[in-house]
Amino acid sequence: MTSRPSTTRIWPLFAVNFFMADMQSGIGPFVGVFLQERGWASGLIGTAMTIGNIAGMLITTPIGGFIDASRNKRMWVVIPGICVVAASAIILVSQTFWAVTFSQIAQSLASAAIVPAVTGITLGIARQKGFNALNGRNQAFNHAGNMVGAALSGYLGYKFGYVAVFVLAAVFGAIAIACVKMIPAKSIDDRAARGSKEDDSKAPPDGMSVLLKHRPLLVLALALALFHLGNAAIVPLYGLAAVAEGQANGPSFVATTVVIAQGVMIVTSLIAMQVAGKRNYWPVILVSFMFLPVRGVLAFFVTGWWGVVPMQVLDGIGTGLQTVAVPGMIARSLNGTGRINLGQGAVITVQGVGASLSPALGGWIAQWIGYGPTFLLLGGFGLASIVLWLTFGAAVKKY
């Protein structure tokens with residue numbers, strides 16, 4: 001592809017990325033403090049969130065395969081939008097354990113589908129040649145949407161309570177559905193969207209076993225699983241620690257942590273796009289792993305408002321790098337196989353093992369030994385990711 005995609009295709013895609021923020025994280029950052037104020041213990045909160053995460057983890061790889069095969073990529077954005085609306089409604093109606101758990105399952109289904117769906121749409125519009133640049137801009141709009149959504153959630157939560165936060169999530173989901181319908185269906189090349197050979201229109205996709213034989217993909221997935229085993233619980237636990245000690249208002253504190261991180265991610269994602277375009281994704285991902293141990297140490301020594309800015313700036317840099325580099329590396333390494341979205345789903349599934357176990361692990365450990373030591377333990381998983389990434393550098397450096 002030698003020309004840039006037209007505005008009629010690009011701006012609806014950017015709008016989807018902006019409003020899909022609540023499909024990825026949704027009400028998740030606010031659920032913990034919402035339930036804590038209603039008498040839930042940290043261990044039970046973590047367990048409900050973990051069950052939802054496991055459900056999303058189990059379905060993510062199959063969803064990637066469905067998106068590869070689907071000739072209606074836009075539908076796979078509509079489905080997450082509906083799930084987000086349902087998740088918000090359920091938790092407002094009932095705060096029983098199973099109602100909350102079902103709400104988290106619906107949210108996880110949305111999170112499972114939205115990333116490979118938007119990746120497929122982006123590839124289908126820009127093809128492999130233009131994917132890195134368009135994906136970088138997608139992520140900038142996505143982080144901007146997260147930042148605006150979190151700021152609105154914090155304000156509305158402070159003024160009107162958590163009901164307004166969950167209603168806002170549902171509204172964002174509905175707008176994302178409307179925006180994706182504005183992308184012309186014929187502008188999405190289904191073969192390019194799944195990463196089929198561009199010079200051979202009749203080449204069938206590789207067998208699904210390609211995922212098990214592809215060493216760079218396996219290394220990437222395992223390194224991300226270790227990283228998210230530590231990373232996923234830090235922000236929720238940081239908010240719980242501050243609120244429990246009476247240092248912060250629940251909604252405004254959580255919103256502030258998200259706004260700061262997402263603001264940094266906007267800039268970081270654009271920088272990652274430029275670095276990857278000139279070199280490759282390996283050093284970008286390596287640098288992203290380095291920020292987790294630092295955050296663990298910082299969270300150990302400083303809680304409450306004093307630690308919000310530096311800790312969330314570090315989180316914004318690390319996560320912002322990954323949002324561009326991870327899908328970019330998968331798309332580049334699996335190019336020509338016809339299994340890119342399946343690969344996206346598989347990597348998200350494996351890293352989801354770490355992310356789904358993290359809230360329960362962090363929640364129960366914090367309940368037993370306190371928040372401070374837990375932050376150090378969670379930060380240590382970043383060191384494990386760094387060691388793995390360096391050890392198998394020969395397999396992944398060319399991407």
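In what follows, every heavy atom counts, from backbone to side chain, and hydrogens, waters and symmetry copies are set aside.
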Is there a donor-acceptor pair closer than 3.5 Å between any side-chain N or O of Arg74 and the backbone N or O of Ile183? yes
Under 3.5 Å, side chain of Thr268 to main-chain N/O of Gly320, donor-acceptor pair present? no
Give a yes or no on whether the ring-centroid distance for Phe19 and Phe172 is below 6.0 angstrom. yes
Flag the pair Phe141 / Trp11 as yes when their ring centroid distance falls below 6.0 Å, and as no otherwise. yes
Tell me, do Ile348 and Pro116 make a side-chain contact under 4.5 Å, heavy atoms counted? yes
Can you tell me if Phe102 has over 12 outside heavy atoms packed within less than 6.0 Å of its CZ? no
Starting from Ile330, can I reach Leu222 by hopping between I/L/V/M/F/W/Y residues whose side chains sit under 4.5 Å apart? yes
Check: Tyr155 and Leu152 side chains under 4.5 Å, non-hydrogen atoms: no
Angle class for the Trp40/Phe97 ring planes (parallel below 30°, perpendicular above 60°, tilted otherwise)? parallel
Any Phe227 side-chain heavy atom under 4.5 Å of Phe291 side chain: no
Any side-chain heavy-atom pair from Val78 and Lys181 closer than 4.5 angstrom? yes
Is there a side-chain contact between Ile79 and Met75, using heavy atoms and a 4.5 Å cut-off? yes
Is Phe392 atom CZ crowded by more than 12 heavy atoms from other residues, nucleotides or ligands, each under 6.0 Å away? no
Side chains of Met273 and Ser269: does their closest heavy-atom pair fall under 4.5 Å? no
What orientation do Trp282 and Trp389 show, parallel under 30°, tilted 30 to 60°, or perpendicular over 60°? parallel
SB check Asp68 Arg339 (cutoff 4.0 Å): no
Report yes if the side chains of Ile125 and Lys73 come closer than 4.5 Å at any heavy-atom pair, otherwise no. no
Check the side chains of Thr61 and Thr349 for a donor-acceptor pair under 3.5 angstrom, ignoring hydrogens and angles. yes
Under a 3.5 Å cutoff, is there a donor and acceptor pairing between the side chains of Asn138 and Thr122? yes
Compare all side-chain heavy atoms of Leu321 with those of Met265 and state whether any distance is below 4.5 angstrom. no
Hydrogens and angles aside, do Thr323 and His143 bring a side-chain donor and acceptor to less than 3.5 Å of each other? yes
Taking Asn17 for the side chain and Leu13 for the main chain, is one N or O donor matched with an acceptor at less than 3.5 Å? yes
No-hydrogen, no-angle side-chain donor-acceptor test under 3.5 Å, Arg295 and Asn231: yes
